[in-house]
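Chain letters run A, B, ... following the sequence lines, proteins first, then strands; residues in each count from 1. When reading the values below, keep in mind they use all heavy atoms of this one structure, side chains included, and skip hydrogens, waters and symmetry mates.
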There are 2 protein chains.
Amino acid sequence: MSSEAVETRIRILNAAWTLLEASHGSGVKMSDIARAAGISRQAVYLHFPNRAELLIAATRHIDEVKKVGARLAASREASTGIERLEAFIEAWGNYIPEVYGVVRALLAMRDSDAAARAALDDRMRGLREGFEAAVKALARDGVLSPALSVPEAVDILWSLLSVETWEKFTRDCGWPQARYVALMQELASKMLLAGPASQ
Amino acid sequence: MSSEAVETRIRILNAAWTLLEASHGSGVKMSDIARAAGISRQAVYLHFPNRAELLIAATRHIDEVKKVGARLAASREASTGIERLEAFIEAWGNYIPEVYGVVRALLAMRDSDAAARAALDDRMRGLREGFEAAVKALARDGVLSPALSVPEAVDILWSLLSVETWEKFTRDCGWPQARYVALMQELASKMLLAGPASQ
DNA sequence: AGCTTCACTTGACATAGTGTCAATTTACAC
DNA sequence: GTGTAAATTGACACTATGTCAAGTGAAGCT
């Protein structure tokens with residue numbers, strides 16, 4: 001009964017994921033997704049109320065398949081604040097390319113679609129919390145720059161480690177993924193840590 | 001004869017500018033612009049072939065009114081590379097809020113419109129050249145970090161000083177404009193300059 | 001076998017916004 | 001007055017999303 005319904009749902013999500021990844025998040029229509037999933041366009045609406053909800057479900061599906069939870073959990077186990085920050089940047093930075101297509105599509109529709117905007121805000125709030133935990137660990141260790149409050153440091157990480165910035169470095173400037181991650185770690189260290197440029 | 005035609009054209013550009021600034025670049029339709037300019041929607045197409053060209057013309061119009069050329073020229077007069085970089089970041093950083101609405105609208109349509117994409121690419125290329133001149137001055141002064149090539153340093157400035165990042169700091173995180181500019185200057189200095197964190 | 005139910009199909013339609021076209025109107029210039 | 005250029009009006013094509021109603025087909029129940 002419902003096992004086949006779930007199958008179709010997953011097929012739709014995978015179709016959306018694949019198409020959006022290939023097109024870098026633009027130009028993918030509901031009819032394209034339906035065709036790729038092997039069903040009619042209208043049938044997609046039997047599983048998702050609209051495009052925004054489909055894309056939101058796709059991000060959650062990717063999170064599940066790619067095990068974000070486990071990846072981010074690793075950063076929580078670091079003993080020092082500095083290690084924790086580096087691990088978190090590495091985990092998040094390497095996760096961006098996995099969700100890029102779908103997030104880009106959500107980003108493109110956020111102006112016209114309240115649900116897309118809300119979903120992105122929610123995701124970004126989750127990211128902020130991750131950065132906040134790392135910054136608090138730095139503060140606890142006494143290595144956070146005295147010129148910065150915790151919220152300010154979080155703002156800096158959150159603003160600079162955006163999907164848009166990743167896009168500029170890796171897609172527009174052609175930087176390899178590993179180089180991007182290394183630069184972001186260096187950036188975080190230079191901007192957030194106290195004293196004579198540690199790391 | 002053509003003096004009145006020019007007037008209408010300018011009225012359209014100002015209407016687009018005002019509306020896009022007020023709405024932060026989203027939800028402004030051709031009919032809204034026409035109404036604000038006091039003409040019919042169809043008449044807009046007598047002056048601009050399509051929405052993308054109108055927005056592109058609007059950015060050029062803003063450049064003209066706000067005298068970008070003169071502002072950026074000032075940074076060229078600085079004697080040291082460091083001063084030049086700081087002046088350029090200040091000029092560009094303070095220019096972003098002026099064009100924000102229109103650029104945001106162009107950004108939103110770049111996926112579906114080749115003309116919009118080309119116009120943005122062109123603008124971004126101009127920005128790169130400004131950063132490149134500043135970075136070359138740093139290299140000439142021998143203060144550019146030995147770990148970075150000129151193109152890499154330019155990539156870093158260009159990627160981090162994007163309109164999208166400005167948006168995150170000032171609009172999403174609520175930072176005052178001056179604080180944003182100061183942070184970007186600090187960032188550039190810490191990431192690009194050689195030796196024990198100068199400036 | 002007969003009946004229901006559920007997932008899906010087909011085709012038609014509403015809506016929004018962009019861009020096009022043709023037929024007029026208005027106004028000014030000579 | 002007549003011509004010309006700018007603008008108006010109304011109609012229409014196109015694209016993509018989302019809705020609706022009627023119908024098909026296969027599995028499951030009794």
Side-chain angles (χ1 to χ4, degrees), chain A residues 1-16 19-20 23 25-58 102 104-119, chain B residues 1-16 19-20 23 25-58 102 104-119:
Chain A
M1 39 155 66
S2 100
S3 88
E4 242 198 317
V6 168
E7 263 217 56
T8 301
R9 194 188 135 92
I10 301 279
R11 236 170 38 234
I12 295 170
L13 293 175
N14 283 329
L19 290 176
L20 285 166
S23 73
S26 80
V28 175
K29 294 169 285 185
M30 291 298 269
S31 52
D32 297 328
I33 295 169
R35 198 174 325 116
I39 58 172
S40 68
R41 181 179 73 90
Q42 289 84 337
V44 176
Y45 291 97
L46 297 175
H47 296 269
F48 305 95
N50 52 51
R51 205 178 115 98
E53 294 296 333
L54 193 169
L55 296 186
I56 293 162
V102 181
R104 185 77 155 61
L106 276 168
L107 241 17
M109 67 190 296
R110 101 193 114 153
D111 287 334
S112 55
D113 192 295
R117 174 122 197 97
Chain B
M1 40 158 68
S2 100
S3 87
E4 246 202 313
V6 168
E7 264 219 55
T8 300
R9 195 188 134 91
I10 302 280
R11 236 170 39 233
I12 296 170
L13 293 175
N14 283 328
L19 290 176
L20 286 167
S23 73
S26 80
V28 175
K29 294 168 285 183
M30 291 298 267
S31 52
D32 298 328
I33 295 169
R35 196 174 325 116
I39 59 172
S40 68
R41 180 178 74 90
Q42 289 84 336
V44 175
Y45 291 96
L46 297 174
H47 297 269
F48 304 95
N50 52 51
R51 205 178 115 99
E53 294 297 332
L54 194 167
L55 297 186
I56 293 160
V102 181
R104 185 74 157 60
L106 276 167
L107 241 18
M109 67 190 295
R110 99 193 115 150
D111 287 333
S112 54
D113 191 295
R117 174 122 197 97

- Note on the structure: Here the side-chain hydrogen bond (donor to acceptor under 3.5 Å, both in side chains) pairs for residues 106-116 of chain A, sequence neighbours left out, are A:D111-B:R104
- Query: Between B:E53 (CD) and C:dT18 (C1'), how many Å, whole number?
  - Reply: 15 Å
- Message: For D:dA6 and B:T8 - does any side-chain N or O of the residue sit under 4.0 Å from the phosphate oxygens OP1/OP2?
- Response: no
- Please report, rounded to the nearest Å, how far the C1' atom of C:dA7 is from the CZ atom of A:R11. 11 Å
- Task: Using only side-chain N and O atoms of B:H47, determine if any of them is under 4.0 Å from OP1 or OP2 of D:dA6.
- Result: no
- Task: Please report the shortest heavy-atom distance between B:F48 and B:E53, naming the atom on each side.
- Result: CD2-O, 4.3 Å
- Item | Steps toward side-chain contact (heavy atoms from CB on, under 4.5 Å) verdict (B:I10, B:E7) | CA-CA 5 Å; B:I10 302 280; B:E7 264 219 55; 5.8 Å; no
- Message: Can you build the contact string for nucleotides 9-21 of chain D? Use B for base contact, S for sugar-phosphate-only contact, and - for no protein heavy atom under 4.0 Å.
- Response: BBB----SBBBB-
- Query: For A:I39 and C:dT9, what is the distance between atoms CD1 and C1' respectively, to the nearest whole Å?
  - Reply: 11 Å
- Hey, are the side chains of B:L46 and B:T8 touching, using non-hydrogen atoms and a 4.5 Å cut-off? no
- Message: Which heavy atom of B:N50 sits nearest to which heavy atom of B:M30, and what is that distance?
- Response: C-CE, 4.3 Å
- Length of the line joining B:L55:CG and C:dT18:P, which is rounded to integer Å: 10 Å
- Item | Sugar-phosphate, base or nothing in reach of B:L46, heavy atoms under 4.0 Å | base
- Message: Using whole Å, what does the distance between atom P of nucleotide D:dA7 and atom CZ of B:R9 come to?
- Response: 12 Å
Give the table of side-chain donor-acceptor pairs shorter than 3.5 Å for residues 33-41 of chain A, with sequence neighbours excluded, one pair per line with atom names and distance.
{"unit_1": "A:S40", "atom_1": "OG", "unit_2": "A:A43", "atom_2": "N", "d": "3.3"}

